[in-house]
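Small disclaimer: the values here were computed from a predicted structure and weren't measured.
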Amino acid sequence: MSYTSDNKYLLELARQFPTREAVCGEIIRLNAILNLPKGTEHFLSDLHGEWEAFSHIRRNASGVIRHKINLLFGEKIDENEQTELASLIYYPDEKLEEAREKAKNTPEWYRENISRLLEICRLVGSKYTRAIVREHLSEKAGEFAYIIEELIADGDDEKKAVYCESIIKTSIRIGAADDVIIALASAIKSLVIDHLHIVGDIFDRGPRADLILDELMKERSIDVQWGNHDVLWMGAAAGSRLCIATVLNNSITYKNLDVIEIGYGISLRPLALFAEEVYAGSDISAFLPKGESGGNFFGGGDDSLVARMHKAISVIQFKLEGQAIKRNPSFDMKSRLLLERVDKNSGKLILDGKEYKLRDKDFPTLLSDPYELTEQEREVMAYLKVAFMRSEKLSRQVRFLYEKGTMYTVYNNNLLYHGCIPMTDEGEFQTLGAAGGRKGKELMDYCDKMARSGFFSKEGSAERQAGKDFLWFLWCGKDSPLCARKKIATFERLLIDDKESWVEPKNAYYKSWDSKEIAVKILAEFGLPPIGSHIINGHIPVNKGENPIKAGGKIVVIDGGFCKAYHGATGIGGYTLIYNAEGLRLLAHEPFTSKAEAIKNNADIISSTTIFESKADRLRIRETDAGDRIREKIADLMLLMKEYESGNVK
């Protein structure tokens, strides 16, 4: 592109670099950055509200911090001291309190630990420019950023050593050593990971998804690929009564109501009062909660109250599902119109040509139109809709998901998505009627657009209603790219004993994801080359004996397995992925015990590593997406320099 003096972009660039010398300096700086090692990317998936496990795996960076400690001190200090040092980095406030209680916090203890933390900080900061290190420090180290920058700056001469020792001694003498340690630990955790990827499903099952999002919103570099549980909450925040009912059904099933009442400040008292009145004498045995901990909500964890609430909201959910399915024939979900098949007298229904006896036939709110809400049900849902939409914290966190989140992400030659790219049995991209016959990348882009319409379109408009319905479709719709199943059998699991009816057939994608040919085909659809590219996939837990690396290394499944309910099937605490200058490392984790155990006994998440793609030469920034952007900027600056030299720009 040829630049002239009236080019607005060129003039804006000239304001940033007002002289030829300034341009030269920036070109030199950017070329130097291209030769720095590639930053470390950390991939997590399927967090499912397990706040403590997520917090720990983020603090230890999937074992990266422990690896750095061993690299520096493996021959200097024993295993116990390395473990203690790692815990100090993970939980500095708590470990400092422990040191005070045990009277370990002597000047020598402080000097030793500050010195070790400084060495680690120098190591993890060595792959960045000083300006980037300064940025990390300013965000994480606060008022101590300048001091730490001085301490980790290069320089091994005697004068520098005396200078640094003086800073450490002074911080101990004036009582600021705790603050320095906390600042150093925060800086290390920030510097060790350059970019965080969350490959879907932050919500549901575990107790505090809101606390996970609080932490994610503090990350300086992050992207999110929506999971089916995430879009359900996004729909609830948008005011979808159907998504709200389904969110509550999921939460009540596992008695995870803290996130509703404490996390988002949404009172469930109107639902409880309605359930107590309407279902007071009703059979509730089919709706007893599965979770063990009831939280601190009303009723003191009374299972009978929770079961009545569960029954009430389940019936409302099934009614609203029927309304949505009838509004949207393109969803192709008529087979899920189950309430109209229920014989209230016999308590039976016909499903897929087979007769089943229901565990419960007492549904006092079913009207002649089984999908019509009663007046009381409408009142309860009207209250809940307002409560969800007015929750400031939920709205703020969902807006973050829209800002940082997408259906898929292409990043450094990796394609990230949560569920699947819908496929046919023949290995072709499947068209979805719900998306106007779109398939492949076009389908994913359409889903992204509709998900945003459900939240951002004008309240009360047809576009917003269509978008809210589509968010629900993404959650559980037939062959939805996030659900990736033919159905979600909520009704059957609650009301039918025969587990044959519980089966949720997966999309054909999962029959072909061991095929390298199919994986390459998907990558090509998103503009990625067959060599050096991968699909990073969440959603489906990797069961015992199953290999998480599919299609000859082209697909990597990293369902985090954070959810305790999956540990019996997986046998582990799940997988995470690290991609750094040395290559790709898949880590299998033991289940996390508790934060208290991690602090008291320095317990860590024990991980085993599979290096399934290593690089002979360390990857440099020039080989990444960031490198492409830097080269574009250098090209622009070169043109600006010519304009300065020609006199076209003063």
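Taking CG from L394 and CD1 from I260, the interatomic distance works out to 8.5 Å, rounded to the nearest 0.5 Å. Here the CZ-OG distance, from R66 to S87, works out to 8.5 Å after rounding to the nearest 0.5 Å. Going from atom CG of L85 over to atom CG of N70 covers 11.5 Å, rounded to the nearest 0.5 Å. In this structure, CG in N250 is found 4.5 Å from CG in D204, a value given to the nearest 0.5 Å. Expressed to the nearest 0.5 Å, how far CH2 of W226 lies from OG1 of T409 amounts to 9.5 Å. Here T170 contributes atom OG1 and R173 contributes atom CZ; the two are 5.0 Å apart, rounded to the nearest 0.5 Å.
Residues A61 and V192 share a closest heavy-atom pair of CB-CG1, 3.8 Å. Closest approach of K255 to V306, counting heavy atoms only: CG-CG1, 4.2 Å. For the residue pair D201 and H418, the shortest heavy atom distance occurs at OD2-NE2, 3.1 Å. Contact record, L191 with C121: CD1-SG, 4.0 Å, taken as the closest heavy-atom pair. In plain terms, the two heavy atoms of L586 and V556 that are nearest each other are CD1-CG1, 3.8 Å. M389 and A237 make their closest contact through CG-O, 3.8 Å (heavy atoms, listed as atom of the first residue, atom of the second, distance).
Between the side chains of D214 and Q397, at least one donor-acceptor pair of N or O atoms lies under 3.5 Å. T106 and R111 share no side-chain donor-acceptor pair at under 3.5 Å. No side-chain donor from either of R122 and S126 sits under 3.5 Å from a side-chain acceptor of the other. With no hydrogens or angles considered, no side-chain donor-acceptor pair links H539 and Y417 at under 3.5 Å.
With respect to V557, the side-chain contact (heavy atoms from CB on, under 4.5 Å) criterion is satisfied by exactly one of V542, L577, I535: V542. Of the residues L416, I198, T576, the one that meets the side-chain contact (heavy atoms from CB on, under 4.5 Å) test with F43 is L416.
Using a 4.0 Å cut-off between charged nitrogen and carboxylate oxygen, K95 and E84 count as a salt-bridge pair. E219 and R58 are joined by a salt bridge, as a carboxylate oxygen and a charged side-chain nitrogen come within less than 4.0 angstrom of each other. Taking a cutoff of 4.0 Å between a charged side-chain nitrogen and a carboxylate oxygen, E392 and R396 qualify as a salt bridge. Salt bridge R29/E26: present, at least one basic N to carboxylate O contact under 4.0 Å.
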Side chain to side chain contact (heavy atoms under 4.5 Å, CB included) between D210 and W51, intermediate numbers included:
CA-CA 9 Å; D210 63 303; W51 152 244; over 6 Å; no
Please lay out, stage by stage, how R629 and E632 fare under the test salt bridge (charged side-chain N to carboxylate O under 4.0 Å, His left out).
CA-CA 5 Å; R629 293 190 293 271; E632 288 177 6; over 6 Å; no
Worked check of side chain to side chain contact (heavy atoms under 4.5 Å, CB included) between I69 and I89
CA-CA 10 Å; I69 291 172; I89 295 171; 4.1 Å; yes
Check the pair R631 / R622 against side chain to side chain contact (heavy atoms under 4.5 Å, CB included), numbers first and verdict last.
CA-CA 8 Å; R631 277 190 291 273; R622 64 172 175 264; 3.5 Å; yes
Show your working on side chain to side chain contact (heavy atoms under 4.5 Å, CB included) between T624 and L619 and close with a plain yes or no.
CA-CA 8 Å; T624 67; L619 285 167; 5.9 Å; no
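Ring planes of F388 and W233: tilted class, angle from 30 to 60°.
Without hydrogens or angle criteria, H48 side chain to F203 main chain gives a donor-acceptor distance under 3.5 Å. A donor-acceptor pair under 3.5 Å is absent between the side-chain atoms of S391 and the main chain of A387, judged by distance alone. With hydrogens and angles ignored, the 3.5 Å screen pairs no side-chain donor or acceptor of S190 with any backbone N or O of S186. A donor-acceptor pair under 3.5 Å links the side-chain atoms of D230 to the main chain of I202, judged by distance alone. A donor-acceptor pair is defined here as one N or O able to donate and one able to accept, closer than 3.5 Å; such a pair exists between the side chain of K554 and the backbone of S533. The main-chain N or O of I558 is never found under 3.5 Å from a side-chain atom of N537 such that the two would form a donor-acceptor pair.
Under the 4.5 Å side-chain criterion, counting only non-hydrogen atoms from C-beta, D194 is in contact with Y128. A heavy-atom distance below 4.5 Å is not found between the side chains of K38 and E623. Here the side chains of H42 and I578 are in contact, with some heavy-atom distance below 4.5 Å. Using a 4.5 Å cut-off on side-chain heavy atoms (C-beta onward), N105 and Y110 make contact. Side-chain atoms of L401 and L213, non-hydrogen and from C-beta on, do get closer than 4.5 Å to each other. Taking the side chain as every heavy atom from C-beta outward, E119 and S115 never approach each other to under 4.5 Å. Between D223 and H197 the shortest side-chain heavy-atom distance falls below 4.5 Å. Under the 4.5 Å side-chain criterion, counting only non-hydrogen atoms from C-beta, I77 is in contact with R116.
Open room surrounds NZ on K169; 12 or fewer heavy atoms of other groups in view lie less than 6.0 Å from it.
Side-chain rings of Y411 and H195 approach one another, their centers coming within less than 6.0 Å.
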